[in-house]
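Encoded as structure tokens, the structure appears first; notes follow it.
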There are 2 protein chains.
Amino acid sequence: MMVKPMTKLRPRPRRLTLNDVAKASGFSPSTVSIVLNDAPLSQNVAATTKLKIREIAEHLGYRPDVFARSLRSRKTQTIGVLVIDLTDPYCTLILQGIERRLMQSSYLPIIMDAHNEPLQVERYVDMMLERRVEGLVTVANWLLFDVSLLENISDHRLPTVVVGRDLESPTINSVIVDNEAGGYAAMEHLYELGHRDIAFVCGPRQLIDGRLRWKGIRTFAQKAKLRLNRALIQSLPYVSYAASSFDASHKLTNEYLESGEPFTALLAFDDICAYGAIRALFEAGLRVPDDCSVVGFDDIPTSSLISPGLTTIRQPMLEMGEYAADCILKSLNSSDDERDGFFGQSKIMPAELLVRGSTAKRRTIQTP
Amino acid sequence: MMVKPMTKLRPRPRRLTLNDVAKASGFSPSTVSIVLNDAPLSQNVAATTKLKIREIAEHLGYRPDVFARSLRSRKTQTIGVLVIDLTDPYCTLILQGIERRLMQSSYLPIIMDAHNEPLQVERYVDMMLERRVEGLVTVANWLLFDVSLLENISDHRLPTVVVGRDLESPTINSVIVDNEAGGYAAMEHLYELGHRDIAFVCGPRQLIDGRLRWKGIRTFAQKAKLRLNRALIQSLPYVSYAASSFDASHKLTNEYLESGEPFTALLAFDDICAYGAIRALFEAGLRVPDDCSVVGFDDIPTSSLISPGLTTIRQPMLEMGEYAADCILKSLNSSDDERDGFFGQSKIMPAELLVRGSTAKRRTIQTP
DNA sequence: AGTCAACGGGAAATCGATTGAATCCTCTTT
DNA sequence: AAAGAGGATTCAATCGATTTCCCGTTGACT
């Protein structure tokens, strides 16, 4: 056999394969595979053998081929993470929570971004299945996507969690914040500051989140015997593009201002809406919080950076992400029977009032 | 042969394989594969055959197995996208640009998030190589990661682009904004508004971006024969965690205020720093822009949502992302020789001044 | 009639692992 | 001494495609 001279021409150093390790160690590929994977059979492999194989593999720098492995074993060690909108800070933080947990496990997240488009959601779910993810986490914002997700997935007996939206499905887990308690807390906060005339920028009627928050608000109002002014309660139209809620809220607040109905505080559906309201107040020459207190919902990162800081109801997004990942991991580590126990549960995380600069006591001397 | 009764026990409907299509169509697997892939050889396949095969494949709903395909063909149709920090809105928008382009191609982005940790960068680059991505885009913020990236990658002759950081590498492409022109434009804007006493929150000295922006600023100052006040020019310390630049800038601005040196405008290294400065001004009871104009850099999404809107230098992040993706795609579509032509170039995108509410004419009546 | 190229298509090797069944030892047990 | 019981490894099939050769027809041309 001629040994080819080492030249630049040799294009591929030919991947280091399991076979190479086998030959180098003197054992068969089977044994090497078994050892390197700590497969069940490896308990019958002599300790010295294991050591030697591991050593040689390490020394050679062997890395199994992901594709070959997945093809044969039908396991991919990947978890699909479908994010409805990666530019939405709400989604982003949840995603970070998910990753945090997954990084500690041996699973790799495959992240896809649906760009707020329902069609992409479907397409990407498909792609993830095609890539044989072993679990699926969907990070939802308020986009209403088709829940045919559900069918597709449960067909494949895939552990599935949705974060940020409560699906009433028997097979899909969900993690959401306690919207009702959040609404209640926000309202209570304003009430305690002395506000009685409060305007509301409610979420689109289509969103369950908004309805729940509203329910919390009403509960408090009833308890406090506070009558709400119907003229200051409007819902945003449902729009599929996130940033537009700023504009919608801005416009709505302007309408409130023009209506002449007095109010000293405003409670917004979420932080972005709060920004929109603040803009309207700002343009009208009103000061936050001096002339009008504003409360948001979510606590996206910038809310603590703007001035004044936005008082808001915090969703524990990181924790929600972590919980979701835990859910999947737990499910993957259990037997099929146990697994059924997990399905369809929905976890409710606590909402927390964060008081910052955008709310203040109602001024006793009120401009008429 | 007994035919097993159809029961719930049958766990897997057994994937539909190429072979099934072959049998159903009466042709061999080879032919089917060739036709379905539009492989070069398919030009010698009769049109009727193609039609029939395609029809049957479609009808059966055949989807090739990603893993088998990649194993054999050594192609994965994936592009690695390494994002330094997915919670950084700067990165996010670039990412979106990348995705936009990639969605139109047949390549799938594999997104990984390094969480601002240099170690993860290395680990993830490794993982991407292991997954045989055919190209790699790195979305950098200001994190200083080891450029051993470079070695690893160029070894593998992988088209590589870095967005947001100018690497001086002969093999890696980069896409950056025109920092110098941006600095110049920001300065010019303030000057034209009548500001002469300007404070600067400069970026960490380690970052080339900051140095370039500063260069632009000086160039304008010299041209306008404007003397800058050294006491109002400080750099932020280098920190590896993004949000902390808010605090650093906040602190620095406070020092400026306490120093007693007068200034009517402040130019910040980036938008987050601008937020920090605004907070300090706000706390000191100063109004933006009435008492002090503020200019940022980047134009992250919230900068248009806060009140007043932040005047800033826009980086065309979406376009930068798109350009990066185009770069990779072009490289993948060219022969090896052509490809070499692309390597090592760095593209400079235009910076754009965006005037919003945070800057205003210097007031003629100045508080002493 | 014979040669040759183009056309249409198929057989089988291959990619790099995993895995169920089989084999070969070495002791024990009866 | 034969049978059995494990322990330690290995054989060979398999996962589902792609790809490299190769084979048989035609038809044109010499």
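Numbered from 1 within each chain, the chains take letters A, B, ... in sequence-line order. None of the values given here were measured: they were computed from a predicted structure.
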How far apart are the C-alpha atoms of B:Leu86 and A:Ile111, what are their side-chain angles, what is the distance that settles it, and do they pass the side-chain contact (heavy atoms from CB on, under 4.5 Å) test?
-> CA-CA 11 Å; B:Leu86 256 180; A:Ile111 304 169; 4.2 Å; yes
Walk me through it: do A:Ile84 and A:Asn116 pass the test side-chain contact (heavy atoms from CB on, under 4.5 Å)?
-> CA-CA 5 Å; A:Ile84 300 299; A:Asn116 270 317; 3.7 Å; yes
Could you go through the side-chain contact (heavy atoms from CB on, under 4.5 Å) check for B:Leu318 and B:Gln96 one step at a time?
-> CA-CA 6 Å; B:Leu318 240 79; B:Gln96 196 161 60; 4.1 Å; yes
Trace of the side-chain contact (heavy atoms from CB on, under 4.5 Å) decision for A:Phe27 with A:Val35 | CA-CA 11 Å; A:Phe27 292 96; A:Val35 168; over 6 Å; no
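When all heavy atoms of B:Ala114 and B:Gln120 are compared, the pair lying nearest together is O-CB, 3.4 Å. Residue A:Thr78 comes nearest to A:Arg131 through the heavy atom pair OG1-O, 4.3 Å, listed as atom of the first residue, atom of the second, then distance.
Contact annotation: A:Ser33 does not reach the phosphate of C:dT19 (side-chain N/O to OP1 or OP2, under 4.0 Å). The shortest distance between the side-chain N/O atoms of B:Thr31 and the OP1/OP2 oxygens of C:dG10 is below 4.0 Å.
Residue A:Asp326 holds its CG atom at 8.5 Å from CD of A:Gln104, rounded to the nearest 0.5 Å. Atom OG1 of A:Thr31 is separated from atom CG of A:Leu41 by 9.5 Å, given to the nearest 0.5 angstrom. A distance of 10.5 Å separates CZ in A:Arg74 from OG1 in A:Thr76, rounded to the nearest 0.5 Å.
For DNA chain C, the residues of residues 37-66 of chain B within the heavy-atom distance limit of 4.0 Å (strictly under) are B:Asn44, B:Val45, B:Ala46, B:Thr49, sorted by number.
Between the CG atom of A:Leu36 and the C1' atom of C:dT18 there is a distance of 12 Å, rounded to whole Å.
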Below 3.5 Å is the cut-off: list the nitrogen or oxygen pairs between protein and nucleotides 11-13 of chain C, distance only.
unit_1: C:dA11; atom_1: N7; unit_2: B:Ser30; atom_2: OG; d: 3.3
unit_1: C:dA11; atom_1: N6; unit_2: B:Ser30; atom_2: OG; d: 2.8

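When each of B:Val161, B:Leu332, B:Leu158 is checked for a side chain to side chain contact (heavy atoms under 4.5 Å, CB included) with B:Ile79, only B:Leu332 meets the rule.
Heavy-atom distances to DNA chain C give each of A:Lys75 and A:Phe67 a nearest nucleotide, and the one nearer the 5′ end belongs to A:Phe67. Each of B:Ile34 and A:Ser73 was matched to the nucleotide of DNA chain D holding its nearest heavy atom; the match closer to the 5' end belongs to A:Ser73.
Between A:Arg100 and B:Asp113 no salt bridge is recorded (no basic side-chain N to carboxylate O distance below 4.0 Å).
The footprint of chain B on DNA chain D, defined by a heavy-atom cutoff below 4.0 Å, extends from D:dG16 to D:dT20.
Contacts of B:Phe27 with the nucleic acid, taken as non-hydrogen atoms under 4.0 Å apart, involve only primed sugar atoms and P, OP1 or OP2.
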